[in-house]
There are 2 protein chains.
Amino acid sequence: MSNEQILVSPSALTAFVTELFARSGMNDADAAFSAQALVQTNLWGIDSHGVLRLPIYTQRLRSGAINPAPQVRQVGGSLAFELWHGDDGMGFVVGRDAMRRAIELARQYNVSAVGVVHSNHFGATGLYARMAAEQGMIGIVMANVIPNVVAPGGNKPITGNNPIALAVPTFGEFPFVLDISLSNVAGGKLLLASKKGEKIPLDWATDRDGRPTDDPDEGFKGFLLPVGGHKGLGLSYAVDILCGVITGGVFQHQMKSMYRQPDEPSLTGHFMIVINPEAIISREDMAARMAEFQATIKASPMWDETQEMLLPGELEYRTAQKRAANGIPLPADLYRELLALGSELGMETMLAEL
Amino acid sequence: MSNEQILVSPSALTAFVTELFARSGMNDADAAFSAQALVQTNLWGIDSHGVLRLPIYTQRLRSGAINPAPQVRQVGGSLAFELWHGDDGMGFVVGRDAMRRAIELARQYNVSAVGVVHSNHFGATGLYARMAAEQGMIGIVMANVIPNVVAPGGNKPITGNNPIALAVPTFGEFPFVLDISLSNVAGGKLLLASKKGEKIPLDWATDRDGRPTDDPDEGFKGFLLPVGGHKGLGLSYAVDILCGVITGGVFQHQMKSMYRQPDEPSLTGHFMIVINPEAIISREDMAARMAEFQATIKASPMWDETQEMLLPGELEYRTAQKRAANGIPLPADLYRELLALGSELGMETMLAEL
């Protein structure tokens, strides 16, 4: 595998992906939103959740596993807490509609919750938490995924590395954004260790029997361990309960894998909470206090001078500035895969190399 | 130090602690509630947050650092999100009043949030999350504490091992209760490793300069590391923001230590979210689905047959059953300390050994 990278401009990539989605049956607004979400994710440097996923998304759109024209709608709840149905639509569209509704409800009640059933993979969880922060609100967003995490001592996955994101407006250069999954590490870290010929800590992964391993290859064939042992395990259960149990959706092994069951809806659940801080603090005070909070962290001395105290969201902000100026790097293999997808769909939009 | 244990009955201990609090200036209802909360915590086996803390609580009540007769009141917010002021009262009382209000609001709006300023140490965070579950609701509770956790690379604590608890009603034997702090381990684990002469993993603690150490004694003199590196660190920041920044309370180093500043209010902040699942699911369905969720976990096979798949809250439930029947074990030193406190306050209630 070569490490060759092709640089593309964010606007060209967005136009390309928009047409790709439109030709896969999505309406123009949904195609454009989903494309922007994916490209924005690459701008932040979260390449694992960016256009890398286009092949599976378009495959699923074409098979009908993802409904390209969903009727996303309220199916339950009332007042500040509603339940929505994603109609097996593209996760970006379902996530967007649910978060928009949660923001509206938080404007009305000062805090809101929206549960979602029948969604699909919605990319980086931070996308939706950030939507709240852009409106001056605090967004908390989670999703359940098919079990890929073993409980310590167990010999098969019992829960997903369910992501949680939380965004807080700073009214400064960039919002506070935490976007984490609840395994100790992602599978990519195991591959990296294997490439470097390094052993891995015993709390990262297990072999196929659930036994902790320090061999990254065994770990990659096996399962992930939860972050912080029982702490991450319990949080993962909590996310599954909120997204899948109380919503009447699916949980644990009832979920489908986007990759292993490419022709079936994933039945992904989401849970979103939006808090309107202006109910208790003015925007000016909030901005000043968040600035103070962040400045304290930035000013904290380091013993390791090669490291820097980064705020949650800061690395993504810097990467986005760099990539907006210089272009988004795509692995050459992926670039060629996207071009092939485009020609397969008879696309007019080109994706020129920068 | 001897390991001798004295067994006391839960009811005798509750009566004793109630009078201790009453003689420290609290009214009867608040004294009884706080005593029950502490003894309940010991029943669950969470001895680090039980009557072990009585000496510091009573010292602080007597110095006025804890206001024995607070006017806990709403000072901001509206609709489903309110801000409350604890008047520097006992944390148990402030936490109870805030959670009661949050439950009321969730009954009214289906989801609610209550921020709290000017509280104090409120014991186990799970106490308040459980109050929601007892009412058929999901409770999420957090508190900020004085910085005791270093960010990886940093050389002094920048955030607290801020606790988060989440409780979900099961309508079964015991609720789902997650109650965690955001350091990788508590200080007690370092002491235990030291006692056993064991090294500790490098992600548990640092020396006084913030450098990771595998020496438990160095770690005990130094600082804690966050659970899961940047994941727990970011969650800890998020808790501080919710409890201290947006509430207009204090955060980071503005907080006071209950031990190092025994004569000053801690200025602890809390944040509580309550979700009414009955807005979207019937109690019967919820009970059936939680039972299914929990049964799947319990039935999951173990490679390590000495271990058992425990549900969050299960160990506490079992310990409480055992201790309710057999008594609560107190270290002999603590037992004598409590008796001395009692005689100092001219108590009538005795604390007989079982």
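Just so we're clear, the structure is a prediction, and the values are computed from it rather than from any experiment. Here is the naming used below: chain letters follow the sequence lines, and residue numbers restart at 1 for every chain.
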Of the listed residues (A/His253, A/Glu308, A/Arg211, A/Glu278), which shares the most heavy-atom pairs with chain B below a 4.5 Å separation? A/Arg211

Which atoms of B/Val168 approach chain A - backbone, side chain, both or neither, heavy atom under 4.5 Å: side chain

For the pair A/Asn110 (side chain) and B/Ser78 (backbone), establish whether a donor and an acceptor sit closer than 3.5 Å, ignoring hydrogens and angles. yes

Please walk me through it: do A/Leu235 and B/Leu235 pass side-chain contact (heavy atoms from CB on, under 4.5 Å)? CA-CA 12 Å; A/Leu235 284 173; B/Leu235 283 172; 4.2 Å; yes

Going from CG on B/Asn155 to OG on A/Ser300, what distance comes out if it is rounded to the nearest 0.5 angstrom? 6.5 Å

Between B/Ala113, B/Pro277, B/Gly210, which shows the greatest number of heavy-atom pairs under 4.5 Å with chain A? B/Gly210

Measuring only between side-chain heavy atoms, which start at C-beta, is B/Glu292 closer than 4.5 Å to A/Gln254? yes

d(B/Lys231 NZ, A/Asn184 CG) to nearest 0.5 Å is 6.5 Å

Between B/Gly228 and A/Val227, what is the shortest heavy-atom contact and its length? CA-CG2, 3.4 Å

Quick one: OG on A/Ser236 to CG on B/Leu178, what's the gap to the nearest 0.5 Å? 10.5 Å

Could you have a look at A/Gly234, A/Pro301, A/Gly77 and say which one has the most heavy-atom pairs with chain B under 4.5 angstrom? A/Pro301

Under 4.5 Å from a heavy atom of chain A, the part of B/Tyr237 involved: both

Distance, nearest 0.5 Å, that separates CD1 of B/Ile180 from NE2 of A/His230: 7.0 Å

What residue, out of B/Gly115, B/Gly248, B/Pro152, has the most heavy-atom pairs lying under 4.5 Å from chain A? B/Gly248

How far does OG1 of B/Thr206 sit from CH2 of A/Trp303, to the nearest 0.5 angstrom? 9.5 Å

In terms of heavy-atom proximity below 4.5 Å to chain B, should A/Ser181 be classed as side chain, backbone, both, or neither? both

Within the distance-only criterion (no hydrogens, no angle test), does the side chain of B/Arg289 pair as donor or acceptor with the backbone N or O of A/Gly249 below 3.5 angstrom? yes

Contacting region of B/Ile138 [heavy-atom separation from chain A under 4.5 Å]: side chain

Among the options B/Ile281, B/Thr247, B/Leu310, B/Ile241, pick out the one with the most heavy-atom pairs lying under 4.5 Å from chain A. B/Ile241

Quick one: CD on B/Gln294 to CD on A/Gln252, what's the gap to the nearest 0.5 Å? 9.5 Å

In terms of heavy-atom proximity below 4.5 Å to chain A, should B/Met290 be classed as side chain, backbone, both, or neither? both

Proximity breakdown for B/Ile297 and chain A, heavy-atom pairs closer than 4.5 Å: both

Ranked by heavy-atom pairs below 4.5 Å to chain B, first place among A/Gly76, A/Gly232, A/Ala279 goes to A/Ala279

Count the heavy atoms belonging to other residues, nucleotides or ligands that lie under 6.0 Å from NZ of B/Lys199, then report whether that count exceeds 12. no

Would you say A/Glu305 has more than 12 foreign heavy atoms packed within less than 6.0 Å of its CD? no

Among A/Asp304, A/Thr296, A/Val245, residue most engaged with chain B (heavy-atom pairs, under 4.5 Å): A/Val245

Answer yes or no: is there a side-chain heavy-atom contact under 4.5 Å between B/Asp203 and A/Asp203? yes

Contacting region of B/Ile164 [heavy-atom separation from chain A under 4.5 Å]: neither

Close side-chain approach of B/Tyr109 to A/Phe81, heavy-atom, < 4.5 Å: no

With a 4.5 angstrom heavy-atom cut-off, is it the side chain or the backbone of B/Ser112 that approaches chain A, or both, or neither? backbone

With a 4.5 angstrom heavy-atom cut-off, is it the side chain or the backbone of B/Asp209 that approaches chain A, or both, or neither? backbone

B/Leu83 portion near chain A, given a 4.5 angstrom heavy-atom threshold: both

Please classify the contact of B/Asn276 with chain A as side chain, backbone, both or neither, using a heavy-atom distance under 4.5 Å. backbone

Quick check on B/Pro312 against chain A: is it the side chain, the backbone, both or neither that has a heavy atom closer than 4.5 Å? side chain

Might you point out which heavy atoms bring A/Ile246 and B/Ile280 nearest each other, and give the distance in Å? O-CD1, 3.3 Å

Could you have a look at B/Lys156, B/Met309, B/Met286 and say which one has the most heavy-atom pairs with chain A under 4.5 angstrom? B/Lys156

So for B/Leu242, is it side chain, backbone, both, or neither that comes closer than 4.5 Å to the heavy atoms of chain A? side chain

When you compare the side chain of B/Ile275 with that of A/Ile273, does any pair of heavy atoms fall below 4.5 Å? yes

